[in-house]
Amino acid sequence: MSNVTYTSVETPGEDIYAGSYETTEGTIYNLAGGDWDTIAAAPEGEKERIVVNMGPQHPSTHGVLRLILELDGETVTDARCGIGYLHTGIEKNMEFRTWVQGVTFVTRMDYLTPFFNEAAYCLAVEKLLGITEQIPERASVIRVLMMELNRVSSHLVALATGGMELGALTAMTFGFRERELVLDLFEMVTGLRMNSAFIRPGGVAQDLPADGEKAIRDTLPLLRKRMKDTADLLIDNAIWMGRTVDVGYLDLQGCMALGITGPVLRSAGLPHDLRKSQPYCGYETDEFDVPTQTYCDAYGRFLIRIAEMHESLKIVEQCLDRLAPGPVMVEDKKIAWPAQLAIGADGQGNSTEHIKHIMSESMEALIHHFKLVTEGFTVPPGQAYAAVESPRGELGAHVVSAGGTRPYRVHFRDPSFNNLQATAAMSEGAMVADVIAAVASIDPVMGGVDR
Amino acid sequence: MGLEEKLPSGILLTSVEKVAGYARKGSLWPATFGLACCAIEMMATGGPRYDIARFGMEVFRASPRHADLMIVAGRVSQKMAPVLRQIYDQMPNPKWVLAMGVCASSGGMFNNYAVVQGVDHVVPVDMYLPGCPPRPEMLIDAILKIHDQIQDMKLGANARAEMLENEQLALAAPSILDKEGLLRRRPRTPRWSPMG
Amino acid sequence: MVPDGVSELDVIGVRQGSFNIAGSGDTSGFGGLVSPIVMPGPSERPYGGWFDEVADEIELSLQARNLPAASVIEKVVVDRGEITFFVHRHHLVEFARVLRDEPGLRFEMCMGVNGVHYPEDAGRELHACYPFLSITHNRRIRVEVTAPDADPHIPSIVGVYPSNDWHERETWDFFGIVFDGHPSLTRIEMPDDWAGHPQRKDYPLGGIPVEYKGATIPAPDNRRAYN
């Protein structure tokens, strides 16, 4: 029963969350509502600093981010971020799971871009295995296809939540409406709307369905048309520009000092994109532009995100043209994920052909299936670092293997973790409302920040 | 509360319960407690396709003091648990908690030092919704089940009687280990023994 | 327990048995298997590709600063298309300055710190890996620094690469590596009053046994493992 009242054991009228206590710097007063008298009764002459906590539960802090703002009126004199409210211990948990099971953990880090997390991890594992050259081309093309669609869906959420935080609620409904189209495609290809564990070391989990290509092609013009709605609503909109122009300013010098990558760096004028400079998964054969702006502010980043979505759709079309029949998993049977899924009569997904093969036709296939699924493959000792260009910046996976069936250490260099350090540089001297716009333009995802 | 606390058990109280239940479930306001991936699916449920505005629930109140339903959407880390409890305490009665997703229900796939193994360690939960993340349709199903709970919620004297009854049931309930699920019990005496 | 042709430095541990079970649980015979875990060893010149150019630049720059390369760089490992410089921790800040400022190197971005804990690598238990990226020359290298458990101090490079601020705090939080010179080395991911450093190998995973009706499954770190 959750509507039972509890009586507090403290003195009645005392709020356990409020009160005052002494420190070397003076008295600190915590206010929880209805107790302004405690401050009013404080002695005059004490140095007054107002610290406002935009706590982890807040509609506008883009996730469980705690912003500690020191205010002088409406101006922010000091801004600090408190993070760690979503720390899940994913990296340590992966040390007790096999290499392929690591994909299911890794996909939930930056939950808006699951395919990028998986791709970075799998590229690093494949580097350690030494099979980067043997990944079939169809697998790489499907990886790029899913990653670019993920980029579109991630930027849609960035625009939607950014708009909502600044008050443009229609941007939120537009963004989520478009995102549903992309999630339908994800569900058709991988079986899940989010967190699909689709990209695995060696290739992808399964091939596109028979009508997959056509479905994706049919969705693209609809996506383009609908994305135009959001663009028309916000670009050159006086209110939107008033909230985002010259807000969250961080020029190139600031970006380089803080190690910022992604749309924030590109809004400062530097066209740095790992897909162009250090291509992976076949990006070198795709034709696309890297949108760059010189405004260095939130408006510039917003324009870049819209342009990047259109570029991603271009890449998706090129991928669909490049799809040639072929395997989607590496040939080496000691590494390739053996199981196949198909929607069967029971609607639950086991491929009866694969089961017939391993149970009735080939003992070796059964042994491989069993060993690969329970024990997993071993990876020779060493360490590797693989980076992909996620919608937020450079997402790097540093993987250390001690020669076993489990990772020895996996660490993700998450772009949101790094880029959030710029909050202070962007917000100090601005007003409280600009802090929200600045954080929204960095577009951090707290799952990636805290891991 | 008011009048309903003073009414004796009977047809009048039952009618008031029905009306109060109908009114409460018709505009249940959720508190924004989106933490991780489930929060995105919760936002999608509020989006145009899986509209929960048709249940009167599109106003996600940021302030817990205005909210009725706390949908804990996502994994609760050790650092977030006191914040969760504080938000729950700040919600006025009557309030309900829906643990959305496996991480909120039981810790999910993260059985480790950093995640609270189920928010029922921190707040009392009325509805558990498994899924990783649960589809918006699943979330709507769970919300409708909570609506049914609210519709049938007892007030006043009936509520007090129900509480006592539930307490007796809970005290007598067996632990999960003692229950029998799909696992067949091992026979106490072996059917075959090497001793003949 | 060092195989032929491998230096002591590269053996980071010993793998015993096959199923992570001690005692009579393992009847397969693999329980007696003992094999060393050997990480890739130091590489000889020429390293191949642009690695030599970078290594030469580094050595020259260090010499110009009166630091003989042999005393700064412990070993260079070229493995799987990546080059790793193992640097003595006392010279880390100078090394970072060289990487950032020399025009031939120009590694503008440090991609953070990753801590790795090798409890059986005596005297070098804590490793801190710094990936660096040069946008100008489009190159990546890694710098690795070791510190013993008994003295887990590594100088902080926040003065050279301010972006490492939170990364070093995270590595302190998870491994207990104290970064000397960091402006505010406090916990960042765990609650402020947490005891212990969770991602060290001697810290348990912390899970609870999973209850089912009539059975429990132990937590992930207590289950059978395939080594």
Side-chain angles (χ1 to χ4, degrees), chain A residues 81-87 89 91-93 95-98 127-130 132 256-261 265 270 272 274 277-278 371 374-376 378 380-385 387 394 396 398 400-406 408-414 417-422 449-451, chain C residues 10 12-13 15 35-40 77 79-82 84 108-118 127 129 131 133 135 138-140 142 144 161-167 170-171 173-174 187-192 198-201 203 205-207 219-223 225-227:
Chain A
C81 291
I83 64 172
Y85 290 92
L86 205 53
H87 175 63
E91 296 175 348
K92 187 160 175 98
N93 221 327
E95 296 170 13
F96 296 92
R97 293 279 193 276
T98 67
K127 223 189 217 186
L128 279 178
L129 285 168
T132 316
M256 295 308 288
L258 290 165
I260 309 283
T261 50
L265 179 62
L270 185 68
H272 171 67
L274 284 178
S277 59
Q278 299 185 346
K371 294 285 279 178
T374 55
E375 179 180 326
T378 54
Q383 50 181 345
Y385 179 86
E394 172 176 329
H398 181 232
V400 180
S401 163
T405 55
R406 300 178 161 181
Y408 190 80
R409 166 91 177 123
V410 176
H411 175 71
F412 267 70
R413 185 264 181 204
D414 192 85
F417 183 72
N418 201 315
N419 293 356
L420 257 189
Q421 293 176 91
V449 174
D450 296 335
R451 278 165 273 118
Chain C
D10 304 319
I12 55 156
R15 184 173 285 119
S35 55
I37 306 172
V38 181
M39 299 293 265
V77 176
D79 176 53
R80 292 168 166 104
E82 300 180 354
T84 308
E108 299 98 345
M109 297 223 165
C110 178
M111 295 303 173
V113 193
N114 177 27
V116 196
H117 186 220
Y118 298 98
H127 288 225
C129 307
L133 167 70
I135 299 181
N138 200 15
R139 293 172 179 159
R140 282 190 193 278
R142 184 184 304 121
E144 196 160 330
Y161 289 97
S163 61
N164 261 24
D165 188 344
W166 282 12
H167 294 271
E170 189 190 355
T171 314
D173 194 357
F174 287 142
R187 290 207 180 257
I188 188 171
E189 302 273 5
M190 304 308 298
D192 297 326
Q199 284 183 359
R200 291 171 61 97
K201 294 288 180 186
Y203 193 94
L205 180 63
D221 52 346
N222 295 329
R223 298 180 199 164
Y226 296 95
N227 282 343

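Comparing A/M256, A/R451, A/E394 by how many heavy-atom pairs each has under 4.5 Å with chain C, the most go to A/E394. Heavy-atom pairs under 4.5 Å with chain A were tallied for C/M190, C/R140, C/E144; the largest tally goes to C/R140.
Of the atoms belonging to C/M109, it is side-chain heavy atoms, and not backbone ones, that fall under 4.5 Å from chain A. If you measure heavy-atom distances from A/S401 to chain C, the contacts under 4.5 Å come from the backbone alone. Looking at A/F412, there are no atoms closer than 4.5 Å to chain C (heavy atoms on both sides), in backbone or side chain. With a threshold of 4.5 angstrom between heavy atoms, A/Q383 approaches chain C through its backbone and through its side chain. Heavy atoms closer than 4.5 Å to chain A are found in both the backbone and the side chain of C/H167. Only the backbone of A/I260 comes within less than 4.5 Å of a heavy atom of chain C; no side-chain atom from C-beta onward does. Contact annotation for C/V77: neither backbone nor side-chain heavy atoms come within less than 4.5 Å of a heavy atom of chain A. Of the two parts of C/E82, only the side chain, counted from C-beta on, holds a non-hydrogen atom closer than 4.5 Å to a non-hydrogen atom of chain A.
A donor-acceptor contact shorter than 3.5 Å is absent between the side chain of C/N114 and the backbone of A/H411.
Both tests do not hold together for A/K127 against A/Y385: distance to the six-membered ring centre under 6.0 Å, angle to the ring axis within 45°.
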